[in-house]
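Everything quoted here is computed from the prediction, not taken from an experiment.
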Amino acid sequence: MTFRQGGSLDTSGVSGGGRGGRGGRRGMAVGGGVGGLAIVLVALFLGVDPGQLGLQSGDTGGPQSDSAQEFQAHIDQCDLEQANTDTVCRIVATTESLEDVWTTQLPDQAGMRWVQPHTTIFTGDVDTACGAASSDIGPFYCPADQDVYLDPAFFDQVLVDRLGGSPAGAAQMYVVAHEFGHHLQTKLGDIRRSQQDPQGPSSGAVRVELQADCYAGLWAHYATSTPAPGGGEPLLESLTRSDVDAIIQTAEAIGDDHIQKSGGARVDPDSWTHGSSEMRRQWFLTGYEQGSMQACDTFGARL
């Protein structure tokens, strides 16, 4: 997936975070506590024991003020050209593309107005309205503060090196789009289903994750044709077969069965929280090929 050359980015919806905090960006939401943290734990991108991935809390962290300031300086200088080669800038540009697509599609398909989540790029540890978290757990979304949290080191250290996902930029963008899918589920009231039925191959948790994959596919369906605000050109100018293959490779790499095999454990469907490799591939492709929120009804589907 290639961003068109040239052009500035609106970086106001993305900020840098650091070890132990969010740089004083805004106050913590009230009422997160244990309940909010439980939602995050079932909404984590990987759904596995962080220790199995070989990362230690704070591996990439530095002093809170330094890491936050460094990330913020990096974010503020991002433009579209850099988004094709730089992970942080690619995250920023992807959030803007997601905003363009969902600002159009959510009113058209669901009669609702899109409200953009905030995105925090951090390293080491970070405080959220759902509780403290570290880079170990991978990308996640906190419903209590409606914020997507991403550590760029995850893509190489875990997604590619440990799980066999694709190093392509399209794969990283799919991760971001998946987390934005959880934000949409929060707005629609579906995110709570993951708590009500947290494990098993056809559980609510799995259905929530597969729907987020489907919503990521829906974004990919429209990303290259949705104009920027004011009728400008779409931020993305191409989506190739190799891009789709890279996303599928990554979706399969983070299937529960593949993760269990990779960790030397037996495949145990009763413990699944995110779905098998085949499920994740299938639901991304459903969103990508059909471009329909109705087609993403994993709760009514037979799994």
Side-chain angles (χ1 to χ4, degrees), residues 13 29-33 35-45 47 94-120 128-130 139-150 173-200 202-223 226 251 272-275 279-280 282-303:
V30 176
L37 181 58
I39 295 175
V40 168
L41 290 175
V42 296
L44 295 178
F45 196 68
T94 303
T95 67
E96 191 166 332
S97 173
L98 281 156
E99 182 173 20
D100 292 345
V101 169
W102 285 117
T103 295
T104 299
Q105 294 304 318
L106 190 59
D108 286 352
Q109 297 198 31
M112 292 178 60
R113 184 175 69 88
W114 173 252
V115 178
Q116 182 82 340
H118 190 272
T119 300
T120 297
T128 81
C130 298
F140 66 95
Y141 169 74
C142 174
D145 57 17
Q146 298 185 25
D147 206 320
V148 171
Y149 292 88
L150 297 154
M173 296 163 74
Y174 154 67
V175 172
V176 180
H178 174 100
E179 298 307 332
F180 268 58
H182 287 317
H183 177 64
L184 176 55
Q185 291 169 324
T186 298
K187 293 300 183 184
L188 294 171
D190 292 324
I191 194 76
R192 68 191 67 174
R193 300 191 190 207
S194 60
Q195 277 190 302
Q196 296 166 351
D197 184 16
Q199 284 187 319
S202 60
S203 64
V206 165
R207 293 175 189 274
V208 163
E209 296 299 331
L210 296 180
Q211 187 178 62
D213 279 338
C214 190
Y215 287 154
L218 189 151
W219 161 75
H221 178 93
Y222 292 105
T226 301
W272 288 359
T273 58
H274 287 60
M279 288 174 171
R280 303 203 71 165
Q282 172 194 336
W283 283 101
F284 169 79
L285 287 175
T286 295
Y288 173 62
E289 292 171 353
Q290 300 192 35
S292 165
M293 290 181 65
Q294 185 175 1
C296 292
D297 180 16
T298 57
F299 302 107
R302 182 176 179 179
L303 299 182

As an exercise, state the distance from SG of C214 to CD of E289, rounded to the nearest 0.5 Å.
10.5 Å
Going by side-chain contact (heavy atoms from CB on, under 4.5 Å), name the residues that satisfy it together with E99, two or more places apart in sequence or in a different chain.
T103, W114, Q116
Fit a plane to each ring of H182 and Y141, take the angle between them on a 0 to 90° scale, and name the class: parallel (under 30°), tilted (30 to 60°) or perpendicular (over 60°).
parallel
Could you list the donor-acceptor pairs under 3.5 angstrom formed by side chains in residues 292-303, with sequence neighbours left out?
from, atom 1, to, atom 2, distance (Å)
S292, OG, Q294, N, 3.2
S292, OG, A295, N, 3.2
D297, OD1, F299, N, 3.3
D297, OD1, G300, N, 3.1
T298, OG1, R207, O, 2.7

Atom OG1 in T286, atom CG in L210: separation rounded to 0.5 Å?
9.5 Å
So which atom in D197 and which in S202 form the shortest heavy-atom distance, rounded to 0.1 Å?
OD2-O, 4.3 Å
Could I get the full list of side-chain hydrogen bond (donor to acceptor under 3.5 Å, both in side chains) partners for W283, not counting sequence neighbours?
none
Determine the minimum heavy-atom distance between M279 and G275, stating which atoms define it.
SD-CA, 3.7 Å
Looking only at heavy atoms, what is the nearest atom pair of A129 and D145, with distance?
N-OD2, 3.2 Å
side-chain contact (heavy atoms from CB on, under 4.5 Å) between L188 and M112, intermediate numbers included
CA-CA 9 Å; L188 294 171; M112 292 178 60; 3.2 Å; yes
Closest heavy-atom pair and its distance - Y174, A251:
OH-CB, 3.6 Å
Classify the side-chain pair E209/H178 by whether it contains a donor and acceptor separated by less than 3.5 Å.
yes
Output yes when a side-chain donor or acceptor of Q185 lies under 3.5 Å from a complementary backbone atom of V208, and no otherwise.
yes
Residue set satisfying side-chain contact (heavy atoms from CB on, under 4.5 Å) with S97, at least two apart, ordered chain then number -> W219, A223, L235, L236
To check you understand the geometry: which heavy-atom pair defines the closest contact between P117 and H183, and what is its length?
CD-CD2, 3.3 Å
Measure the spacing between CZ of F180 and OG1 of T186 and express it to the nearest 0.5 Å.
12.0 Å
Donor on one side chain, acceptor on other, T120 and D147, under 3.5 Å
yes
side-chain contact (heavy atoms from CB on, under 4.5 Å) filter on Q105, not counting sequence neighbours, yields V101, W102, Q109, L218, Y222
Salt bridge (charged side-chain N to carboxylate O under 4.0 Å, His left out) against D190, all qualifying residues, sequence neighbours excluded
R193
Contacts of type side-chain hydrogen bond (donor to acceptor under 3.5 Å, both in side chains), residue Y215, not counting sequence neighbours
Q211
Shortest non-hydrogen separation from G200 to S203 and the atoms involved:
O-OG, 2.8 Å
Quick one, V148 and V176 - any side-chain contact, counting heavy atoms below 4.5 Å?
no
